[in-house]
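Reading through the structure tokens given below for one structure.
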4 protein chains.
Amino acid sequence: MPRPRSDDKRAAIMSAATRIVAAQGLGAATAAIAKEAGVSNGSLFTYFDTKADLFNHLYLELKSDMGAAALGGLPDGAGPREQLLHMWTGWLRWAITQPDKRRALAQLQVSDEITTATHETASRAMAGVAVIMERGRENGPLKDAPLAFVITLANALAEATIDYALKDPENAETHGRSGFDALWRIFGG
Amino acid sequence: MPRPRSDDKRAAIMSAATRIVAAQGLGAATAAIAKEAGVSNGSLFTYFDTKADLFNHLYLELKSDMGAAALGGLPDGAGPREQLLHMWTGWLRWAITQPDKRRALAQLQVSDEITTATHETASRAMAGVAVIMERGRENGPLKDAPLAFVITLANALAEATIDYALKDPENAETHGRSGFDALWRIFGG
Amino acid sequence: MPRPRSDDKRAAIMSAATRIVAAQGLGAATAAIAKEAGVSNGSLFTYFDTKADLFNHLYLELKSDMGAAALGGLPDGAGPREQLLHMWTGWLRWAITQPDKRRALAQLQVSDEITTATHETASRAMAGVAVIMERGRENGPLKDAPLAFVITLANALAEATIDYALKDPENAETHGRSGFDALWRIFGG
Amino acid sequence: MPRPRSDDKRAAIMSAATRIVAAQGLGAATAAIAKEAGVSNGSLFTYFDTKADLFNHLYLELKSDMGAAALGGLPDGAGPREQLLHMWTGWLRWAITQPDKRRALAQLQVSDEITTATHETASRAMAGVAVIMERGRENGPLKDAPLAFVITLANALAEATIDYALKDPENAETHGRSGFDALWRIFGG
DNA sequence: CATGAATGAGCCTTCATTCAT
DNA sequence: GATGAATGAAGGCTCATTCAT
């Protein structure tokens, strides 16, 4: 029985990649990522076939991590607004406390290394978010718009809010509230 | 900066860079850009000191081009909603008819090659947009939010709308309208 | 050299190496050979110290395999021409029915990974062939040439014949005959 | 006007490649070749697109160089045997005085990096040799064999002769003569 | 002994930038 | 100024070999 492939090592590479990509962009050297992960140059390639493969997996992980943060501890019987607010808050906390993940995700989102298939899987991983959103916009002015459009819109709003909250951290709370109010107004609230 | 002789050549490089960056990302070779521009390898460097320099200038140009498209032919005496709508429409038309410019701009926006100084200059170049926005949100729920935050928000909304209009071109008009309505609702309309 | 347990596995590696080298050349990865042999990556190195070691052994085996094919079922009391013809025929059949072995051998022959010692051992393994050749050229115009030279010559002739027979398989028989006649003429027949 | 591409440099690379390939085989690093040529690492790639490209060109050059050596100063009105002998002698001298070229050529010949197209061009470059050969085998026992087969045969004979002459240089002359006699006998002389 | 993950040197090729012409 | 050849530092990836299990 050989040394088994280590999940820890794989995770270390992912985490290192997040940090390095956040700091240096997608042009970062795989060697830099490996080093940051405390792993040899070549080892990276036993866990991921190519740099692009690593990036695709990283994208998937970050996206679903973000989704989980948004959905965790959701109050069951709450109304649409409360659920939406809970999600919004989780989302913002995730982004603000882990800016590296967000930066890396932003880079990956516009990269053409990310496959269409990966993009699709990723959006499927956000299904929970979609449900909340669906309930939020119900009967509102966007009730007939495609759900995907609504999600894109909300995402954009969140991104903008986070951007601003990070630039002006002292008033992060206030900005977060403003952003949510704006979202709720979009939904007709 | 001594202005090199031919402004045409400089413009050709900018335009070529837009196309190439849109197609290949920021990793595109300067040689590829030069070739697309019909200019020699080395000539590019008489017009721009470094690749990063080219990108910074390109970012500036694209951003101000976008601003101009949003502000062109603005009806003078019109009310805030009409002005905002005019801007919104121009913005969308610009993005939809010139997807290369938009794609390139998106790449540049998240690049760490773009100086803080460049970012500042760029936002200053959007001053006209800011004025319209200021009038639009006046007295609304966002009246006390920092203007930059409002702009970021509106920008994000527009990006999302464009994204969706490009994905579903047949209903581009409808999506554009939905997006604007959402914006107007954010402003309390 | 401690003989490892399974001779089967060793043989499987040799056979796999033949196929892979024939197909991909000497640059083939040891991992590819191991996989083709149905053996693990590392196991290969319990049977052969290094890649070069494997190649040297393979060279030896292929060469002696070829020799055996040439000498098998030799008619005892026959005259020199008949013995030579028998050998010639066996040789050609070996090469034509097992092109992989031949291709691999050709690659190994020019490789500088093959030791001088290996080359010597190999030629010693062809002693049987030498005997036949010796009788064939006896009293002929090449009687005073070094035997090794004669063998080289005959080998070259055979190679050329095989090359051509493989390129034009329909007339393989004819080419084989032509080649042998040429050889016999060299010997003064 | 930029620095023009230098034929000298190109030739230096070819020549360096010959030496390095002769010494280290086709696995030799392009960097080693560049260094031997007194040229920078990257320069090699302005003269040849890839390593394989370099090898294809090298193969062509060596082959035609060999052809030229075999055909140079051919006596015009001479009979077939004299022409053949002249060719044979030229060939051997080429091989013996420039063993690197011959070794490199041998490696390239069995490489699968050499395109079919290259092989064809190369054989076309040996057309002059074919003419002599045609005359030499005229009316002899090989008169009905495909010419290409005859050439292959003669080539093989020459190779064997050269091999032996190089191993035993003191009697090179004698071996060369023996080889030629053998060839002539093949042709029925 | 078998396995296959780990290692890191090494390779081909690309590319921003310089500079001879 | 214009050109494109020259440069050499990287970079992604491979692979023979080792070694923990």
Side-chain angles (χ1 to χ4, degrees), chain A residues 1-6 9-10 27-35 38-55 113, chain B residues 2-6 9 27-35 38-55 113, chain C residues 2-6 9 27-35 38-55 113, chain D residues 1-6 9-10 27-35 37-55:
Chain A
M1 216 182 319
R3 196 177 329 183
R5 209 183 286 194
S6 147
K9 213 162 276 189
R10 196 191 141 96
T30 54
I33 295 172
K35 191 176 181 185
V39 157
S40 91
N41 208 325
S43 262
L44 191 151
F45 291 93
T46 70
Y47 289 90
F48 302 95
D49 284 343
T50 62
K51 194 189 187 186
D53 184 41
L54 164 61
F55 281 171
E113 308 254 38
Chain B
R3 183 117 1 136
R5 194 168 290 151
S6 160
K9 222 165 259 190
T30 53
I33 295 172
K35 191 177 179 185
V39 158
S40 90
N41 205 341
S43 266
L44 192 151
F45 289 91
T46 69
Y47 289 91
F48 302 95
D49 285 343
T50 65
K51 194 189 187 185
D53 183 40
L54 164 60
F55 281 170
E113 309 250 42
Chain C
R3 181 116 4 135
R5 195 169 286 153
S6 160
K9 221 164 260 190
T30 53
I33 295 171
K35 190 178 181 184
V39 158
S40 89
N41 204 341
S43 267
L44 191 150
F45 289 93
T46 71
Y47 290 91
F48 303 95
D49 285 343
T50 64
K51 193 188 188 185
D53 184 41
L54 164 61
F55 280 170
E113 309 250 40
Chain D
M1 221 183 315
R3 199 177 327 182
R5 208 182 286 191
S6 146
K9 213 162 274 189
R10 195 192 142 95
T30 53
I33 296 172
K35 190 176 181 186
V39 158
S40 93
N41 210 327
S43 260
L44 191 152
F45 291 92
T46 70
Y47 289 91
F48 302 95
D49 283 343
T50 62
K51 194 189 187 187
D53 184 41
L54 164 61
F55 281 171

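Residue numbers start from 1 in every chain, and the chains themselves are labelled A, B, ... in the order their sequence lines are given, proteins ahead of strands.
- Counting non-hydrogen atoms under 4.0 angstrom, C:Ala32 reaches nothing in the nucleic acid.
- For C:Lys51 against C:Phe45, the heavy-atom pair with the smallest separation is N-CE2, 4.3 Å.
- The residue A:Ala28 sits close only to the backbone: its heavy atoms come under 4.0 Å of sugar-phosphate atoms, none of a base.
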Read 5' to 3' with Watson-Crick or G-U pairs under 3.5 Å, [ ] for crossing pairs and | for partners on another strand, DNA chain E gives .||||||||||||||||||||

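- In this structure, the side chains of B:Thr30 and B:Leu54 stay at 4.5 Å or more apart for every pair of heavy atoms.
- When the C1' atom of E:dA16 is taken as reference, atom CD1 of B:Ile33 falls 11 Å away, rounded to whole Å.
- Atom CG of A:Leu54 and atom P of F:dG11 are 16 Å apart (whole Å).
- Atom CD of A:Glu113 and atom C1' of F:dG11 are 13 Å apart (whole Å).
- Atom pair C:Leu44:CG and F:dC19:C1' shows a separation of 16 Å (rounding to whole Å applied).
- Remark: A:Asp53 pairs with A:His57 by the side chain to side chain donor-acceptor pair (under 3.5 Å) rule, at least two apart or across chains.
- Nearer to the 5' terminus of DNA chain F, by closest-nucleotide assignment, is the contact made by D:Ser6 (compared with the other of D:Ser6 and C:Ala52).
- Closest to the A:Phe45 side chain, of the nucleotides F:dG12, F:dG4, E:dG4, is F:dG12.
- Considering only side-chain N and O atoms, B:Thr30 lies under 4.0 angstrom from the phosphate OP1 or OP2 of E:dA16.
- To the nearest 0.5 Å, atoms CD1 (D:Ile33) and CZ (D:Phe55) are separated by 5.0 Å.
- In this structure, the CG atom of D:Asp53 is 16 Å from the C1' atom of E:dT14, given to the nearest Å.
- For the atom pair A:Leu44 CG and A:Lys35 NZ, the distance stands at 15.0 Å (nearest 0.5 Å).
- Between A:Asp49 and B:Val39, the residue anchored closer to the 5' end of DNA chain F is B:Val39, taking for each the nucleotide with the nearest heavy atom.
- Taking all atoms of both residues into account, the shortest heavy-atom contact from B:Ser40 to B:Ala34 is O-CB, 3.9 Å.
- Taking atom CZ of B:Phe48 as the reference point, atom P of F:dG1 lies 14 Å away to the nearest angstrom.
- Distance OG1/A:Thr46 to NZ/A:Lys9: 8.0 Å, rounded to 0.5 Å.
- Across F:dA6, F:dT17, E:dT17, the shortest atom-to-atom separation from the side chain of D:Thr46 is found for F:dA6.
- Atoms CZ (C:Phe55) and P (F:dC15) sit 12 Å apart, rounded to a whole Å.
- Residue A:Lys9 places no side-chain N or O under 4.0 Å from the OP1 or OP2 atom of E:dA5.
- The nearest heavy atom of DNA chain E to B:Lys51 and to C:Gly42 marks one nucleotide each, and the one closer to the 5' end goes with C:Gly42.
- A close approach under 4.0 Å does not occur between any side-chain nitrogen or oxygen of D:Tyr47 and OP1 or OP2 of F:dA5.
- Residue-to-nucleotide proximity on DNA chain E shows that, of C:Ser43 and A:Asn41, the 5′-proximal contact is made by C:Ser43.
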